[in-house]
A.B. asks: 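Below is the structure I would like to discuss, written out as structure tokens.
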Amino acid sequence: MLTRVEKAQQKWGGSHTVIDKWLNERQELIVLYCKIAGFTPYEKQDQALPEPKLIESFCQLLMDYLSAGHFEVYDDIAKACEKKGLQSQELANSIYPRISSTTDIALDFNDKYAEVDKEDLLKGFDDDLSVIGEALEARFALEDELIDNLFSNHAN
């Protein structure tokens, strides 16, 4: 995931302030995810869990990232695609529903873990962390496809 965001930053960095900010948030999100995922499996009660503050920070950044996508970046891309042609608009229209399915997974994760306490057992946390990781990977690929289409076909 980090390699993908680094490539995206190299390819599109500096082209649009909103996209730059968004890609930086993506990188922070991936770093936090890796910190959380770096812990051992939580099969036994006596094993250490990630600090609740770390999980809370991840959930907050996840919600910020999703919001920036839905309320800033996607709107800019959709407007640009409308102006530039039917093919780009059709691509955007085919990708947005698939991105939305990853949003649902992220919202479920946030609802379940945003306010955990140190005493919570977090049963199923490993599985849920794996699911959100896969969803984020899929989302990043779809977002990159949108951005790449916009910049490779419509750069001014």
Side-chain angles (χ1 to χ4, degrees), residues 1-78 91-152:
M1 281 194 279
L2 274 174
T3 303
R4 178 184 298 269
V5 77
E6 288 171 353
K7 286 179 182 177
Q9 288 171 323
Q10 290 172 355
K11 190 170 187 175
W12 304 302
S15 59
H16 195 288
T17 307
V18 172
I19 290 175
D20 286 345
K21 181 179 181 271
W22 192 49
L23 290 174
N24 286 334
E25 281 186 352
R26 182 193 289 185
Q27 185 173 12
E28 291 175 37
L29 184 64
I30 292 168
V31 168
L32 276 176
Y33 175 84
C34 290
K35 285 181 181 178
I36 292 170
F39 289 89
T40 58
Y42 313 119
E43 294 174 7
K44 297 180 183 174
Q45 247 183 299
D46 60 341
Q47 289 181 314
L49 296 170
E51 286 295 318
K53 285 288 185 196
L54 189 61
I55 298 170
E56 183 180 316
S57 295
F58 173 77
C59 288
Q60 180 61 52
L61 190 56
L62 178 63
M63 293 301 100
D64 291 347
Y65 182 83
L66 297 177
S67 296
H70 284 284
F71 299 114
E72 294 175 41
V73 179
Y74 301 158
D75 286 343
D76 286 355
I77 291 173
L91 176 68
N93 289 340
S94 73
I95 289 177
Y96 289 141
R98 297 185 315 192
I99 288 174
S100 289
S101 70
T102 68
T103 300
D104 294 340
I105 293 168
L107 292 173
D108 289 344
F109 185 90
N110 183 70
D111 289 347
K112 194 169 183 180
Y113 297 107
E115 297 181 7
V116 295
D117 293 320
K118 195 166 184 96
E119 294 81 31
D120 292 341
L121 297 178
L122 301 183
K123 187 175 183 175
F125 183 75
D126 280 342
D127 292 336
D128 292 339
L129 194 60
S130 178
V131 169
I132 189 64
E134 290 172 12
L136 288 173
E137 181 70 27
R139 181 186 194 93
F140 299 156
L142 293 168
E143 292 169 347
D144 288 352
E145 188 176 345
L146 278 176
I147 296 168
D148 187 54
N149 176 64
L150 181 68
F151 285 102
S152 62

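Scope of the values below: all heavy atoms of this structure, side chains included, with no hydrogens, waters or symmetry mates.
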A.B. asks: Once you round to the nearest 0.5 Å, how far does CG of L32 lie from CD1 of I55?
C.D. replies: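 With rounding to 0.5 Å, CG (L32) is 11.0 Å from CD1 (I55).
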
A.B. asks: Rounded to the nearest 0.5 Å, what's the gap from SG on C59 to CG on L107? Could you check?
C.D. replies: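 Reported value, rounded in 0.5 Å steps: 10.5 Å.
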
A.B. asks: Can you check whether M63's main-chain N or O pairs, donor with acceptor, with S67's side chain at less than 3.5 Å?
C.D. replies: yes

A.B. asks: Please find the pair of heavy atoms, one from P52 and one from V116, that lie closest to each other, and give the distance.
C.D. replies: CB-O, 3.6 Å

A.B. asks: Nearest 0.5 Å, please: how far is CG in L136 from CZ in F109?
C.D. replies: 9.0 Å

A.B. asks: Over all heavy atoms of both residues, which pair between P50 and F125 is shortest? Give the atoms and the distance, please.
C.D. replies: CG-CE2, 3.9 Å

A.B. asks: What's the separation between atom CZ in R26 and atom CG in L61, rounded to the nearest 0.5 Å?
C.D. replies: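 Atom-to-atom, R26:CZ and L61:CG are 12.5 Å apart.
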
A.B. asks: Anything under 30° is parallel, anything over 60° is perpendicular, the rest tilted; go ahead and classify Y65 against F140.
C.D. replies: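 Y65 and F140: perpendicular rings.
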
A.B. asks: Tell me which one of I105, D108, I36 satisfies side chain to side chain contact (heavy atoms under 4.5 Å, CB included) with I132.
C.D. replies: I105

A.B. asks: Determine the minimum heavy-atom distance between A114 and E56, stating which atoms define it.
C.D. replies: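 Scanning both residues completely, I find the closest heavy atoms to be O-CG, 3.7 Å.
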
A.B. asks: Using side-chain contact (heavy atoms from CB on, under 4.5 Å), reason through K21 and N24 one step at a time and then give a plain yes or no.
C.D. replies: CA-CA 5 Å; K21 181 179 181 271; N24 286 334; 5.6 Å; no

A.B. asks: Give, for atom CG of D20 and atom CD of E25, the distance between the pair rounded to the nearest 0.5 Å.
C.D. replies: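 Here the interatomic distance stands at 12.0 Å.
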
A.B. asks: If we ignore angles and hydrogens, is there a donor and acceptor under 3.5 Å between the side chains of Q60 and D64?
C.D. replies: yes

A.B. asks: Please give me the minimum heavy-atom distance between F58 and L29, naming the atom from each residue.
C.D. replies: CE1-CD1, 3.5 Å

A.B. asks: Rounded to the nearest 0.5 Å, what's the gap from CG on L146 to CG on L142? Could you check?
C.D. replies: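 Answer rounded to 0.5 Å: 7.5 Å.
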
